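Each chain gets a letter, A, B and so on, in the order its sequence line appears, and its residues count up from 1. Every heavy atom of this structure was used, including side-chain atoms; hydrogens, water molecules and symmetry mates were not. Note that this is a predicted model, so its numbers are computed, not measured.
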There are 2 protein chains.
Amino acid sequence: MSPRERRAPRQARSRATVERIVAAGRAVLLERGWDGVTTNHVAAAAGVSPGSLYQYFPDKEAVLDEVVDRETVHLEARISRAFVDTLRAPSRGDVVRRNVEALLDAFGEQPAMTRVLADQMPRGAGSRRAAFARRVDELVAAVLAGQDTGQRRPDVMAWVMVRAVEQATIGWVLEDPPVDRADLVDELTLLVTRYLERRWDREVARSTASD
Amino acid sequence: MSPRERRAPRQARSRATVERIVAAGRAVLLERGWDGVTTNHVAAAAGVSPGSLYQYFPDKEAVLDEVVDRETVHLEARISRAFVDTLRAPSRGDVVRRNVEALLDAFGEQPAMTRVLADQMPRGAGSRRAAFARRVDELVAAVLAGQDTGQRRPDVMAWVMVRAVEQATIGWVLEDPPVDRADLVDELTLLVTRYLERRWDREVARSTASD
DNA sequence: TGCTGATGCGAGTACTTGCTCGCCTTCAAC
DNA sequence: GTTGAAGGCGAGCAAGTACTCGCATCAGCA
């Protein structure tokens, strides 16, 4: 509460120090997991003394926040780029399939980071995680809103789909389950495309009439 | 590694002590979260000294394991009971819907425990979590295997569905998102029933032919 | 060159953690 | 009632934690 702010790095030397601390934070995070991160370890890995670390970060959490923020910015950019690209592509046919593949690539290339972000990072932590999820929800909802979804609410559909697909892709990367990648892509594509179909069928009729 | 085993409680008195420790472990877990659990806290909450705790549990993890085991046994019984019940019910029409509702009930009644189990408990921890997921997968896969799924593999379908539905239901309980319960039930029912439809359509054709 | 604030250091503090160990109390079998 | 084992206690240890503070060093400028 009191002295939250720390000295901002002015000289090139100290800017480099900050970078080394963040990089070391990332490395320690991947190596030892969220709970294994220690300010002393980060400082040592950065080749810096604990005191120097606290010159630029008010506490341990601030270091982790910086690391996570950089990572999620990166990840979100990548995901939304893939999303927009497939929408713009000439053949609209397998938009879903290509997005599923893009997600699997994004998570699969850095399983360790995926594990930290999806598994170890506390949900409460500044709600950085919730904020990320919300941004993805909005991205998908915006696209759905531009299309004819009949009676169904685009935001609800987006929320459901994002959670379903996210969990399946992340789970596949982290659990290495008895499902090979091609099958997973097929099934998730099926799951989503059928879910998105617009038809007035038994299920919808019953649902709007129930209770 | 060396003295893993501890004294087994022989007298009624010590059996009661063990019970109090486990109950206190559960309470502390709900109150302070996974990382907030401390052997000293558990002992204090049980009205017992730390030394007594270590008479019956080799380490802190053993206490938490016992608490989690009891909880997952309970939860799994409840889920599979609901599952089997809906299958046996006269009207097979909304089996999916009623299972979704049962899941929402199960998780929703104890949000604190749901948070601990789904969110805070490390995935690595004795892979108790993975074991639980595997049992649920098998339950669902067994039912699907008894039905005609065409070309599609029941185990893969089960894996995908379990993750999708589980994450959506748990997420709804923990995130309290801008989706009301009735809508979520509708949409998840739609998601699953459509996914389960047996038809030979474009998606399947493309998927089996791809790569 | 000499000065001054920015930078860096790392031993040290204050605290928490999991867990032990010597000692005392209670119980049950004879 | 005696006795030996089961049960229980709780101060305290060893290890580790986040973080500080007094002091040394350095970069850039006059």
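Formation of a donor-acceptor pair under 3.5 Å by the A/Arg15 side chain with backbone atoms of A/Arg10 is found in this model.
For D/dT20, the OP1/OP2 oxygens have a side-chain nitrogen or oxygen of A/Arg6 closer than 4.0 Å. Between A/Thr38 and D/dA18 there is a side-chain N or O to OP1 or OP2 distance below 4.0 Å. Using a 4.0 Å cut-off, some side-chain N or O of A/Ser14 falls inside it from OP1 or OP2 of C/dT7. In this model, the phosphate group of C/dT20 is not approached by any side-chain N or O of B/Tyr54 to a distance below 4.0 Å at OP1 or OP2. Taking 4.0 angstrom as the limit, A/Thr39 places a side-chain polar atom (N or O) nearer than this to OP1 or OP2 of D/dA18.
Across all strands, A/Val63 comes closer than 4.0 Å to no nucleic acid atom at all (heavy-atom distances). Across all strands, A/Ala8 comes closer than 4.0 Å only to sugar-phosphate atoms, never to a base (heavy-atom distances). At a threshold of 4.0 angstrom between heavy atoms, the contacts of B/Tyr56 are confined to the sugar-phosphate backbone, with no base atom among them. Residue contacts for B/Val18: at a heavy-atom cut-off of 4.0 Å it reaches no nucleic acid atom on any strand shown.
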### Message
One pair to check against side chain to side chain contact (heavy atoms under 4.5 Å, CB included): A/Phe107 and A/Trp172. What are the steps and the verdict?
### Response
CA-CA 9 Å; A/Phe107 294 136; A/Trp172 187 79; over 6 Å; no

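Side-chain proximity of A/Pro50 to C/dG10, C/dC19, C/dC9: nearest is C/dG10. Considering only the side chain of B/Lys60, C/dC19 comes nearest among D/dG8, C/dC19, C/dA6. Checked against C/dC27, D/dG10, C/dT7, the side chain of B/Gln11 finds its nearest nucleotide in C/dC27. Distances from the side chain of B/Arg7 to the nucleotides D/dA11, D/dC9, D/dG7 place D/dG7 closest. With D/dA27, D/dT20, C/dC19 as the candidates, the nucleotide lying closest to the side chain of A/Arg13 is D/dA27.
In this structure, A/Gln55 places its CD atom 10 Å from C1' of C/dC9, rounding to the nearest Å.
At a cut-off of 3.5 angstrom, counting only N and O atoms as typed in the model, there is no donor on one side facing an acceptor on the other between the side-chain of A/Asp59 and the base of D/dC19.
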